[in-house]
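To start, I am sharing the structure in question, which I have written as structure tokens.
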Amino acid sequence: MSLSAYAQDFKTLTTELNKTQQDTNRVVALIKLGRYFKEKPVGDRKNLDTARSYFNSAITLSQAIGSTDFLQRALSEKALVFILQEDFKNADSLFNQITSYYNKTDNYSKEAEYWTLYGNNLSYDDKRTLAIRAKCYDKAYVLYKKGTDRLKIADALGKIADADLNEGRFDKAEKELLSVIQQYKAIKFPRIYYGYYLLAEVYSRKDQPQKELLSRIECMNSCDADVHRSDYDASFFHIALASSYRENNKDSSALSHYIKAAELAFKIKDQKYYYDAVDGAIASSIAIKRYKTALAYLNNTPTKFPTQTIEEQSMYVARKMQLYNFLNRNAEAGKFVPTFKKVFNKLYHTLNDNPSFYLVDQFVKNYDGLPQHYIQTQEWGNLSEELKFIQSLPLKRLSAPSRIIISGYKYKVDSAGGKFDIALKEFQYMRRMKDSLTNAATAKQINELEANYNSIKKDKTIQVLNSNAQVQKDKLEKANRQKNITLAGVLISVVFAVIIYIAYRAKQRSNVRLQIKQQEIDNQNHKLSDLLAEKEILLIDKDTLLKQQEDLLTEKEWLLREVHHRVKNNLQIVMSLLYTQSAYLQNTDAIEAIQDSRNRVQAISIIHQKLYSKSNVATIVMADYINDLTRYLNTCYDCNRRRIKFREELDTVNLDIAQAVPMGLILNEAITNSIKYGFDEMGGEIFIKARLSLPDMITLSVTDNGKGLPPDFKLAETSSLGMEMMKALSKQLGGSFEIKSSQGVVVTIQFKIENTSATISGNVV
């Protein structure tokens with residue numbers, strides 16, 4: 001942001017402050033001004049001092065007007081300034097003061113929020129604050145467990161695992177993250193990929209690259225499945241997965257993910273991710289000998305983001321040196337050495353300020369090009385100097401691939417120096433490390449995970465082609481029988497020829513007979529060759545037929561998915577148009593009518609979203625759909641604030657889309673009416689029940705414990721749009737519709753399932 005933009009913001013905030021009185025509005029304005037100076041990109045101590053003075057004013061005013069909640073907010077902002085100034089003692093004192101207040105007032109939720117805020121603002125790689133950070137997350141977890149918010153409980157446990165990871169308690173972090181992932185699955189949390197990412201980091205630190213790769217694949221798959229995921233997250237996870245593929249010597253797989261990450265990073269204009277992705281793509285291209293691709297990336301990359309950081313410059317020169325080495329262009333590499341060392345010497349000095357595991361490990365991998373040049377040119381003295389340089393890095397612990405790299409240098413230096421016994425030990429260590437990266441059992445598990453998506457479709461194809469395969473099998477068996485008969489005939493002919501030879505002992509006639517039999521054998525051999533050729537043709541025909549069937553099934557499935565995807569997108573456009581229109585309306589009834597229309601469109605949109613995102617594109621699971629619809633209406637009408645709770649008792653039933661749409665619209669109208677008209681400020685409960693009363697008959701009811709219907713209500717005389725829709729849609733389902741008062745309102749519809757099979761499975765929520 002430019003200075004003029006900051007000046008404009010400051011002027012606006014100052015004007016806002018001047019318009020306030022001595023009340024909470026002024027406290028908010030003071031906090032905004034403090035944050036403005038605290039969050040300025042230039043790390044100037046004066047800015048932080050100015051921010052703290054505004055927060056002090058907010059604290060003083062909050063105390064004067066007796067606003068305790070605003071007082072805690074202002075105190076927390078001041079504590080965050082202390083953290084930025086590395087005054088951890090004062091920061092800890094303020095956060096303990098805040099949390100003690102909420103502890104005394106039994107507000108455990110607020111206390112947990114502030115412990116989490118405190119921990120989130122402490123650096124994960126600053127040894128001075130690691131213990132405090134872990135303490136914050138432990139306290140937040142204990143407090144959240146007193147409540148019922150399962151997502152916050154799981155998130156808090158994940159933060160504890162993050163703290164354990166950075167303090168080196170890897171086994172404990174692994175168990176915690178496996179528990180977090182199970183909890184995310186239980187509540188169907190779409191952003192489960194954060195748990196898989198941290199689990200992969202644990203396996204990386206434990207030198208278990210295959211398990212790391214499995215976790216990163218799960219992370220990427222779950223990220224792709226989340227329709228609301230950000231391109232920022234997707235780019236980052238593609239880079240992490242590609243790097244893991246490289247560590248497991250799967251550069252071909254890594255390349256496609258690096259390319260996807262680069263596309264996403266360029267789309268969102270994230271320079272760091274773009275350079276990370278391109279750097280990996282070049283390295284993978286070189287490893288699989290796609291030198292033209294690597295060279296194209298090297299030439300085009302500087303044009304995308306012309307200004308480079310020292311880290312990005314180091315990536316660029318590292319890949320250029322690596323490419324020279326692979327192409328055996330040693331003379332050009334030698335000329336490039338001064339430029340290479342100049343860039344990496346600058347980067348080396350920055351590591352002393354921030355010696356994190358990731359930066360040092362990446363430094364070793366990128367610096368590898370120069371020692372490899374000296375190995376190719378057999379400059380053992382220079383290689384020995386580079387080994388000393390690498391060993392002077394500020395962090396001892398490195399990943400397994402980096403340790404393999406350094407062991408390779410030692411092996412070469414010791415071999416060249418005649419220290420063969422030491423060199424042999426280095427070689428054996430290097431071999432053990434490489435073997436650990438190629439565990440066959442885990443490699444099989446990885447391949448199975450990657451193939452999981454295609455296996456379901458292939459199983460269906462195989463079932464369809466079973467009859468054709470049986471026909472081919474019968475033909476092969478027939479050919480084998482003919483071959484056996486032929487061989488038996490040949491054997492009999494030979495025996496017969498021997499008998500004739502012994503009986504007549506006539507050499508000439510025997511020779512003639514043998515020649516005749518030999519001709520017969522040749523003929524049989526020709527027949528055998530023909531049979532074998534026919535067998536090969538049959539096998540080729542079988543493979544072709546299987547491929548055609550697989551292509552047709554794949555095309556059909558993707559066409560159906562595309563239809564549902566486009567319908568869902570069009571419905572989202574309609575919802576956006578309705579939302580835009582409501583922004584220009586002043587009439588409350590009109591705005592409310594548009595809101596009702598948006599909810600109806602959303603009820604249909606959820607159906608198409610579910611059909612698009614699952615393997616079965618013909619039906620939806622009624623229980624899952626109702627869960628999603630109630631969550632949407634809960635959020636839309638701010639039911640938590642209004643103290644309206646939902647309870648569900650649902651059977652797992654598969655519904656065709658033709659029935660799912662009217663059912664969803666009826667359910668939307670019934671729940672919306674209960675939320676809007678059924679409750680006062682005390683709130684209440686909405687109970688949704690769906691039971692399969694007969695093998696093909698569903699009874700769906702929406703019951704609230706609110707005000708109930710008016711005394712003079714008569715269904716036949718009611719002509720509201722919502723009520724007419726429910727009656728008409730019930731007829732469309734071929735079912736019955738009933739609404740009555742019973743300590744609230746009960747809306748009941750009953751209809752027969754068509755064109756699908758239903759299974760009962762208790763799913764009480």
Whether Y245 and H257 hold their rings parallel, tilted or perpendicular, with breakpoints at 30° and 60°
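Ring orientation of Y245 relative to H257: parallel.
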
Is it true that N90 and K78 share a donor-acceptor pair across their side chains at a distance under 3.5 Å?
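Judged by distance alone, the side chains do not pair up.
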
Within 45° of the six-membered ring axis of Y108 and under 6.0 Å from that ring's centre, is NZ or CZ of K146 located there?
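Yes; both conditions hold, so K146 lies above the ring face of Y108.
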
Is the count of non-hydrogen atoms from other residues, nucleotides or ligands lying under 6.0 Å from K260 atom NZ greater than 12?
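No - once you tally the heavy atoms of other residues, nucleotides and ligands closer than 6.0 Å, there are 12 at most.
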
Evaluate the criterion salt bridge (charged side-chain N to carboxylate O under 4.0 Å, His left out) for residue pair E386 and K341; output intermediate values, then yes/no.
CA-CA 10 Å; E386 296 305 329; K341 297 191 74 169; 3.2 Å; yes

Using a distance-only test with no angle check, is there a side-chain donor-acceptor pair under 3.5 angstrom linking N25 and E16?
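The answer is no; no qualifying pair exists.
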
Does any part of the side chain of Q183, heavy atoms only, come nearer than 4.5 Å to the side chain of F189, both counted from C-beta?
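Side-chain contact under 4.5 Å: no.
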
Take atom NZ of K145 as the centre, draw a 6.0 Å sphere, and report whether it contains more than 12 heavy atoms from other residues, nucleotides or ligands.
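Counting neighbours around NZ of K145, 12 or fewer heavy atoms of other residues, nucleotides or ligands fall under 6.0 Å, so no.
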
Could you check, using the six-membered ring where one of them is a Trp, whether F389 and Y367 have ring centers closer than 6.0 angstrom?
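Yes.
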
Do K211 and V202 come within less than 4.5 Å of each other through their side chains, counting heavy atoms only?
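A side-chain contact under 4.5 Å is absent here.
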
Measuring only between side-chain heavy atoms, which start at C-beta, is F70 closer than 4.5 Å to V28?
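A side-chain contact under 4.5 Å exists here.
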
Is there side-chain contact between R229 and Y193, with at least one heavy-atom pair below 4.5 Å?
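In contact.
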
Within 6.0 Å of NZ in K32, more than 12 heavy atoms from elsewhere
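Not buried by this count: 12 neighbours or fewer within 6.0 Å.
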
Check whether any side-chain heavy atom of I239 lies under 4.5 Å from a side-chain heavy atom of Y274, and answer yes or no.
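No. Closest side-chain heavy atoms not under 4.5 Å.
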
Answer yes or no: is there a donor N or O on one side and an acceptor on the other, between the side chain of S230 and the main chain of D233, under 3.5 Å?
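At least one qualifying donor-acceptor pair exists.
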
Residue pair S215 / Y203, side-chain donor-acceptor N/O under 3.5 Å:
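No pair is found: no donor N or O on one side chain lies under 3.5 Å from an acceptor on the other.
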
Salt bridge or not between D162 and R133? Use side-chain N to carboxylate O under 4.0 Å.
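Looking at R133 together with D162, the answer is yes, because their closest N to O distance falls below 4.0 Å.
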
Does any non-hydrogen side-chain atom of K272 lie less than 4.5 Å from one of Y275?
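No - every pair of side-chain heavy atoms lies 4.5 Å or more apart.
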
Is there a donor in the side chain of Y194 and an acceptor in the side chain of D155, or the other way round, less than 3.5 Å apart?
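There is no such pair (donor and acceptor under 3.5 Å, judged by atom type) between the side chains of Y194 and D155.
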
Would Y36 and N47 count as having a side-chain donor-acceptor pair, cut-off 3.5 Å?
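The answer is no; no qualifying pair exists.
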
Under 4.5 Å between any side-chain heavy atoms of W115 and Y141, yes or no?
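No, side chains not in contact.
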
Would you tell me whether Y114 and N96 have side-chain atoms, one donor and one acceptor, within less than 3.5 Å of each other?
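No.
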
Identified salt bridge (Lys or Arg N to Asp or Glu O under 4.0 Å) partner of D164 from the options K159, K172, K175:
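Only one of K159, K172, K175 forms a salt bridge (Lys or Arg N to Asp or Glu O under 4.0 Å) with D164, namely K172.
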
